[in-house]
Amino acid sequence: MPEVRLGDIIDDYCVKCKRIMNHSVVSLLNSGPAKVRCRTCYSDHDYRHEQAPPPKADSRKAALFNEVLAKVQPDSAPAAAAAPEPAAKPKVKRKK
Ligand SMILES: [Zn+2]
């Protein structure tokens with residue numbers, strides 16, 4: 001396993017650039033990178049092991065949505081709110 005040193009350039013996820021970017025190691029912990037600095041926007045952050053942060057907003061919104069559904073319709077499952085049946089369309093003669 002290669003040893004990481006201060007100033008080394010490693011890949012990590014940058015929350016500002018929203019993608020994997022080159023980062024320089026600015027802090028070490030247990031001979032691994034603890035903090036890194038994006039080489040593109042120069043923002044410091046904890047080393048993320050190249051992982052994007054979980055989409056918190058989406059999961060929270062979904063939980064809230066299910067909560068509201070449960071209050072409004074306690075007996076019906078969320079599946080009941082599925083798409084309505086397609087309206088009967090007059091069939092058009094197919095042209096080939
Ligand atoms: Zn960046």
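- We find the CD1-CD distance between Ile20 and Glu50 to be 5.0 Å, quoted to the nearest 0.5 Å.
- No salt bridge links Asp44 with Lys35; every basic N to acidic carboxylate O contact stays at or beyond 4.0 Å.
- The NE2 atom of His23 sits 14.0 Å away from atom CG of Asp8, with the distance rounded to the nearest 0.5 Å.
- Atom OG of Ser31 and atom CD of Glu3 lie 6.5 Å apart (nearest 0.5 Å).
- The shortest distance between side-chain heavy atoms of Tyr13 and Lys18 falls below 4.5 Å.
- Closest approach of Ser27 to Leu6, counting heavy atoms only: N-CD2, 3.6 Å.
- Expressed to the nearest 0.5 Å, how far OH of Tyr47 lies from CG of Asp11 amounts to 8.0 Å.
- We find the OG-OH distance between Ser24 and Tyr42 to be 8.5 Å, quoted to the nearest 0.5 Å.
- By the rule that hydrophobic residues join a cluster once side-chain heavy atoms approach within less than 4.5 Å of another member, Val36 and Ile9 end up as members of separate clusters.
- Inter-residue side-chain proximity for Val15 and Pro53 is flagged as met; some heavy-atom pair is nearer than 4.5 Å.
- When atom types are taken as modelled, the side chain of His45 and the backbone of Ser43 share no donor-acceptor pair closer than 3.5 angstrom.
- When all heavy atoms of Thr40 and Met21 are compared, the closest pair comes out as OG1-CE, 2.9 Å.
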Using the rule given for side chain to side chain contact (heavy atoms under 4.5 Å, CB included), can you reason through Val4 versus Leu28, listing the C-alpha separation, both sets of side-chain angles and the distance that settles it, and then say yes or no? CA-CA 8 Å; Val4 179; Leu28 291 172; 4.0 Å; yes

